Amino acid sequence: MKLYEKLAAVLREHIKQGLFQPGDKLPSVRQLSAQHEVSISTVQEAYRQLEMENLVEARAKSGYFATAQTPPYKLPQMSRPPQRPLDVSQWQEVLYLLLSTDTIGTIQLQHAMPIMDAPSLKPLLKKITELHKHQSALSLPYGDIRGALVLREQISRLALESGCHLHPDDIIITSGCQEALSVCLRAVTEPGDIVAIESPSFYGSMQAIKGSNLKAMEIPTHPETGLSLQALELALDQWPIKAVLLTPTCNNPMGYTMPDAHKKRLYQLAQSYDIVIIEDDIYGDISYQYPRPRSIKSFDEDGRVLLCSSFSKTLAPGLRVGWIAPGRYRDKVTHNKYVSSSMCPTLPQLAIADFIKSGGYSRHVRRLRLEYKLGRDNLICALNKYFPADTCISFPTGGYLLWVELPAQVDAVKVAQQSRENGVNIAAGPIFSATGKYRHCMRLNFSEQSALIREEGIRQLASLISTARSL
Ligand SMILES: Cc1ncc(COP(=O)(O)O)c(C=O)c1O
């Protein structure tokens with residue numbers, strides 16, 4: 001056992017025995033270094049290890065604290081969407097968000113964009129340039145329509161961390177996760193079919209449902225445990241639902257992770273009602289928990305789970321590299337993918353494969369995971385400081401998005417319009433519902449820009465909210 005592991009084990013034991021209660025300040029790095037006669041970097045490494053296990057959290061300029069197990073503020077209630085399948089609307093609103101660019105000086109809280117200027121991403125960029133300059137013969141011809149084998153091999157290695165044993169032949173590379181979701185939906189449904197989704201849900205999956213002429217059945221969703229299995233079972237009894245499409249790990253927009261027991265139970269429900277699960281795992285690798293949570297796919301025994309993901313949230317969305325593990329729908333998914341866009345560009349695939357193989361991906365994700373967690377804590381502090389006391393906030397377990405529920409009389413769409421004029425961009429709630437619900441809600445990101453800039457954005461939003469409330 002290395003020195004830092006020994007020290008981490010001592011601290012872990014102290015926390016587990018209750019010597020440090022959730023929220024208690026832990027000894028400083030210097031104190032521990034002197035007490036245990038180890039170097040400062042050994043203590044820092046030990047704390048980093050405990051941070052990855054979610055036992056300890058670092059607070060800017062204050063040191064380390066035992067992780068608070070429950071959020072120190074009000075969470076949103078279980079959602080209550082309409083209890084019937086409906087057509088998805090909101091395309092104009094989604095288009096407006098997609099087309100809105102951030103000019104210099106804008107405070108950007110609206111898009112789900114990862115940190116892309118981290119030094120740990122540099123080796124990937126270097127590899128892209130190198131391939132572009134010296135190995136174009138590898139990337140110019142047509143390639144395998146399933147994607148580059150070297151990348152599929154690396155993805156099957158990564159999948160082990162979420163409990164999945166996938167053969168490279170069980171993986172199909174796509175142009176991002178958005179294409180993965182549409183290709184899967186078309187493979188398992190016919191126009192007019194019903195797809196169950198979380199509520200609120202990522203607008204891109206709902207627009208994919210609309211694009212395939214399907215109906216969405218929004219299922220009540222809990223801000224900590226995700227899709228209500230009880231509500232889903234009732235819906236399955238009542239409606240001929242074909243598939244469930246969900247983001248159970250580090251959800252967008254709420255940030256929750258469905259507990260393993262719920263994931264397993266959902267899979268069992270899918271078996272007994274003979275439906276399909278389309279699992280969107282795009283944020284799974286940036287869970288604050290280490291090792292990362294299991295996927296529903298890891299419980300799959302009969303190939304009914306289609307796992308979709310991409311490198312858009314862990315590396316960069318402009319690379320457009322995603323993938324599907326389609327289970328028993330492999331042939332249909334391969335055909336749909338071919339019809340949709342033939343093969344994907346090879347160069348980014350080769351560069352990403354190299355980045356994973358050399359250990360760069362794991363290093364990058366390990367670093368950013370901690371930054372995102374700190375970003376969450378800082379944003380929540382700012383929200384607690386400036387937003388009305390009766391605001392409800394979700395408590396993300398990973399990723400860089402959180403959901404805010406304002407007092408019911410506040411129109412977040414109007415607040416978003418006004419704040420845009422003042423240079424603060426947010427995503428208002430209705431696009432996260434099939435039918436424009438959640439007008440008093442907003443999704444905020446905490447990945448781009450600094451905590452100070454974000455705090456300024458929150459201060460400005462709070463002032464608009466307080467005016468909106470008094471009207
Ligand atoms: C939950 C979720 N799924 C899918 C996507 C689409 O990802 P990609 O950019 O890889 O197509 C996003 C992007 O915001 C997302 O948040």
Side-chain angles (χ1 to χ4, degrees), residues 88 90 93-95 97-100 102 108-116 147 151 155 171-185 195 197-212 216 221 226-227 244-258 277-287 293 295-297 306-325 337 340-341 344-345 348-349 352 372 394 396-403 425-427 429 431-434 443-448:
V88 174
Q90 304 301 302
E93 290 74 8
V94 171
L95 183 64
L97 180 90
L98 296 176
L99 294 182
S100 77
D102 303 308
Q108 203 300 92
L109 303 168
Q110 71 177 336
H111 293 301
M113 207 86 88
I115 294 175
M116 286 179 287
L151 178 60
I155 291 174
I171 293 167
I172 296 166
I173 304 296
T174 57
S175 171
C177 192
Q178 188 66 39
E179 187 185 42
L181 296 172
S182 322
V183 160
C184 288
L185 277 169
V195 178
I197 54 171
E198 296 141 321
S199 184
S201 236
F202 166 54
Y203 49 81
S205 11
M206 286 185 287
Q207 294 304 319
I209 288 174
K210 180 182 175 67
S212 295
T221 298
L227 189 98
V244 184
L245 189 169
L246 77 171
T247 310
T249 308
C250 316
N251 170 270
N252 172 9
M254 292 230 251
Y256 56 74
T257 291
M258 201 180 214
I277 296 175
I278 301 176
E279 178 179 19
D280 181 344
D281 187 49
I282 193 167
Y283 297 94
D285 283 357
I286 39 173
S287 164
S295 55
I296 301 175
K297 180 75 180 166
L306 294 90
L307 178 69
C308 298
S309 192
S310 85
F311 294 102
S312 297
K313 307 301 169 182
T314 45
L315 301 178
L319 297 168
R320 305 310 302 142
V321 180
W323 71 93
I324 306 170
K337 160 63 187 151
S340 168
S341 60
C344 293
Q349 297 183 54
I352 293 176
Y372 293 141
S394 72
T397 54
Y400 34 79
L401 302 167
L402 62 70
W403 183 247
N425 290 351
I426 58 164
I431 55 171
F432 299 92
S433 133
R443 186 195 73 180
L444 302 174
N445 95 19
F446 44 90
S447 52
E448 291 190 75

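Since the structure is predicted, the reported quantities are computational estimates derived from the model, not experimental observations. Numbering of ligands and ligand atoms starts at 1, following listing order.
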Do the side chains of Leu245 and Leu185 get nearer than 4.5 Å, heavy atoms only?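 In contact.
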Does the ring centre of Tyr400 sit less than 6.0 Å away from the ring centre of Tyr372?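 Yes, the ring centres sit under 6.0 Å apart.
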Distances only, to 0.1 Å: what are the N or O pairs between ligand 1 and the protein that fall under 3.5 Å?
{"residue": "ligand 1", "atom": "3 (N)", "partner": "Asp280", "partner atom": "OD2", "Å": "2.5"}
{"residue": "ligand 1", "atom": "9 (O)", "partner": "Ser312", "partner atom": "OG", "Å": "3.1"}
{"residue": "ligand 1", "atom": "9 (O)", "partner": "Arg320", "partner atom": "NH1", "Å": "2.9"}
{"residue": "ligand 1", "atom": "10 (O)", "partner": "Cys177", "partner atom": "N", "Å": "2.7"}
{"residue": "ligand 1", "atom": "10 (O)", "partner": "Ser310", "partner atom": "OG", "Å": "2.7"}
{"residue": "ligand 1", "atom": "10 (O)", "partner": "Ser312", "partner atom": "OG", "Å": "2.6"}
{"residue": "ligand 1", "atom": "11 (O)", "partner": "Cys177", "partner atom": "N", "Å": "3.1"}
{"residue": "ligand 1", "atom": "11 (O)", "partner": "Gln178", "partner atom": "N", "Å": "2.8"}
{"residue": "ligand 1", "atom": "11 (O)", "partner": "Arg320", "partner atom": "NH2", "Å": "2.8"}
{"residue": "ligand 1", "atom": "14 (O)", "partner": "Lys313", "partner atom": "NZ", "Å": "2.7"}
{"residue": "ligand 1", "atom": "16 (O)", "partner": "Asn252", "partner atom": "ND2", "Å": "2.8"}
{"residue": "ligand 1", "atom": "16 (O)", "partner": "Tyr283", "partner atom": "OH", "Å": "2.8"}

Under 3.5 Å, which donor-acceptor pairs link side chains of residues 313-321 to any protein atom two or more places apart or in another chain?
{"residue": "Lys313", "atom": "NZ", "partner": "Ala112", "partner atom": "O", "Å": "2.9"}
{"residue": "Arg320", "atom": "NH1", "partner": "Pro317", "partner atom": "O", "Å": "3.1"}

Non-hydrogen atoms of Cys177 and Ser310 that approach each other most closely: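 For Cys177 and Ser310, the tightest heavy-atom pair comes out as N-CB, 3.5 Å.
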Are any side-chain N or O atoms of Ser287 and backbone N or O atoms of Tyr283, one a donor and one an acceptor, separated by less than 3.5 Å?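 Judged by distance alone, no pair lies under 3.5 Å.
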Indicate whether the side chain of Ser433 and that of Gln90 have a donor and an acceptor atom separated by less than 3.5 Å.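 Short answer, no.
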